[in-house]
Amino acid sequence: MPTADELPARARPEWPGAVILGAFQTGVVNLRNLVRRGVRTRLVDCDERQTGFRSRHGPALRCPDPDRAPGEWLEAMRSLAADARERPVLLASADQFVTAIARFAGELRQWYRVGDGAELQGALADKDTQYALAERHGMAMPLTRFVSTREQVEAFAAAAMFPCVLKPVHFREWQRLPADHALSFRKIAVAHDAAELLAQHALACAANPQVIVQEIIQGPDTNKRVYLAHYAADGTRTGHALFRELRCDPVGFGSATVSEPVTDPEADAACDAFLRAIGYRGICEIEVKRDVRDGRVKLIEANPRLSGGGDAAPNDGVARAWPHYPPRTGVRPRPAAPLGRDFRHVVLRAEAHAAVRYWRAGLIGWRELLAAWRPPLAFFDLDWRDPVYSARTLAAAARAVLRESLARRNPEYEVAARDAGLTPHRH
């Protein structure tokens, strides 16, 4: 096997192509990065509303939904591989496809280059298994339980510190609820006491009675860290970076809309130790937060795939899709550490909502607003080589700012801020 020093900057002509499952913007940016390195790459998704079907870097190929038609999806993947010169490298940028790859890893390895860590990645994509692994291997967490009955909810409530959150085992479960359902397309529901938690669970039963109930990690958004890393087949950490969240959407609980590189040895060590303990291989993103009540860094969730937050890492010298690709070709990537650059990573469409909501909830003033936009900036959803998509992003952001600014004052954001332990700011 070639040494790490022999890893080229671009793919060799004889190397196989790649297939990225998931055509949201996450998949698009990783496709773009692989193509720039000379890798023939295709996007595949079951939802034609995703960005990749309209991007100049596409168009994506449509496949059956692996959740609803697993047999048809597997046959479609076999047919796609049959058109390739040799077995393509298979990557996932959405939990739905992480689960599908893990479920059919044996069959898929006949047609694709699938990493040895696929089954473990599938286990991490399931919150039940993820939290069990974290508890077993000493990763600190807020009090967390999987419940399916009223009695189990009551038992959790008796031991928990409120407010707490209730969330589906798989977030897409609530996406299948009717549009007028109170939990439709929500990621979490917040409860301030036992009665409210029981009521939220009753609502969730329309999708699945089994849900996760969890204490909220208290503290400001800037206590949240996003750990990004890749582990080679022999367990070597071949790339890692760490970012601090400045704002998120929804307020207090969502994915980062603005983040920046940060040095936090404790958070880095906690995430690295957990992934090494479980024998992880491949790409992973872990979200953690330092709890102001006891000072401990605690797990929010792990995402065993290409992620939107991972788009920040290449701007700090740590590639994402690229180091995951060469190991499938027998080449060892050179370990990469962050360069310590000073920049802000912005998810513009989400930040357009978040910035106004934070302002109206009294969480930021002009100083905080402008500091998060201090150059240099790197954007997840702006790419001047994809002008049509970028124009749509700018238009969507402008509409969001206008709509949020003109909307009635919504106390929901202030409540969410209070629940997450955020401190109001005096303008």
Original post:
Do the rings of Phe243 and Phe343 sit parallel, tilted or perpendicular, given the 30° and 60° boundaries?
Top reply: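 It falls in the perpendicular class, over 60°.
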
**OP:** Can you label the angle between the Tyr280 ring and the Tyr231 ring as parallel, tilted or perpendicular, going by 30° and 60°?
**Re:**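 Perpendicular, since the angle between the ring planes exceeds 60°.
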
Within the side chain of [X], is there an N or O that forms a donor-acceptor pair under 3.5 Å with the backbone of [Y]?
X	Y	result
Tyr358	Glu368	no
Ser55	Thr51	no
His201	Pro209	yes
Arg349	Val347	no
Asp316	Arg341	yes
Arg87	Arg109	yes
Arg225	Thr222	yes

Original post:
Could you go step by step and tell me if Ile101 and Leu90 meet the side-chain contact (heavy atoms from CB on, under 4.5 Å) rule?
Top reply: CA-CA 9 Å; Ile101 292 173; Leu90 193 60; 3.9 Å; yes

For a 4.5 angstrom cut-off between non-hydrogen side-chain atoms, does [X] reach [Y]?
X	Y	result
Leu133	Phe274	yes
Ser390	Phe379	no
Phe156	Phe146	no
Val356	Arg403	no
Asp67	Gln96	yes

Subject >> Phe97/Cys46 under side-chain contact (heavy atoms from CB on, under 4.5 Å): CA gap, chis, key distance, verdict >> reply: CA-CA 10 Å; Phe97 296 109; Cys46 54; 4.2 Å; yes

Original post:
With Val39, which of Asn33, Val89, Leu34, Leu31 fulfils side chain to side chain contact (heavy atoms under 4.5 Å, CB included)?
Top reply: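 So, applying the side chain to side chain contact (heavy atoms under 4.5 Å, CB included) to Val39 and each of Asn33, Val89, Leu34, Leu31, only Leu34 qualifies.
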
With a 4.0 Å cut-off, would you call [X] and [Y] a salt bridge?
X	Y	answer
Arg360	Glu404	no
Asp264	Arg244	no
Arg305	Asp95	yes
Glu215	Lys289	no
Asp83	Arg42	no
Asp342	Arg344	yes

Original post:
Is the number of heavy atoms from other residues, nucleotides or ligands under 6.0 Å of Glu75 CD greater than 12?
Top reply: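 Buried by this count: over 12 neighbours within 6.0 Å.
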
Original post:
Is the count of non-hydrogen atoms from other residues, nucleotides or ligands lying under 6.0 Å from Arg54 atom CZ greater than 12?
Top reply: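 Yes.
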
**OP:** Assess whether side-chain hydrogen bond (donor to acceptor under 3.5 Å, both in side chains) is satisfied between Asp249 and Thr257, documenting all intermediate values.
**Re:** CA-CA 7 Å; Asp249 184 43; Thr257 62; over 6 Å; no

Original post:
side-chain contact (heavy atoms from CB on, under 4.5 Å) between Ile286 and Leu275: does it pass, once the steps are laid out?
Top reply: CA-CA 10 Å; Ile286 300 183; Leu275 293 178; 3.8 Å; yes

**OP:** Take Glu72 and Cys63 through the test side-chain contact (heavy atoms from CB on, under 4.5 Å) and record every step on the way to the result.
**Re:** CA-CA 9 Å; Glu72 295 176 20; Cys63 69; over 6 Å; no

Subject >> CA sep, side-chain torsions, deciding dist, call: Lys298, Asp291, salt bridge (Lys or Arg N to Asp or Glu O under 4.0 Å) >> reply: CA-CA 7 Å; Lys298 298 179 180 179; Asp291 196 325; 3.1 Å; yes

Original post:
Looking only at side chains, do Gln25 and Asp381 share a donor and an acceptor under 3.5 Å apart?
Top reply: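 No, because no side-chain N or O of Gln25 sits under 3.5 Å from a partner of the opposite role on Asp381.
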
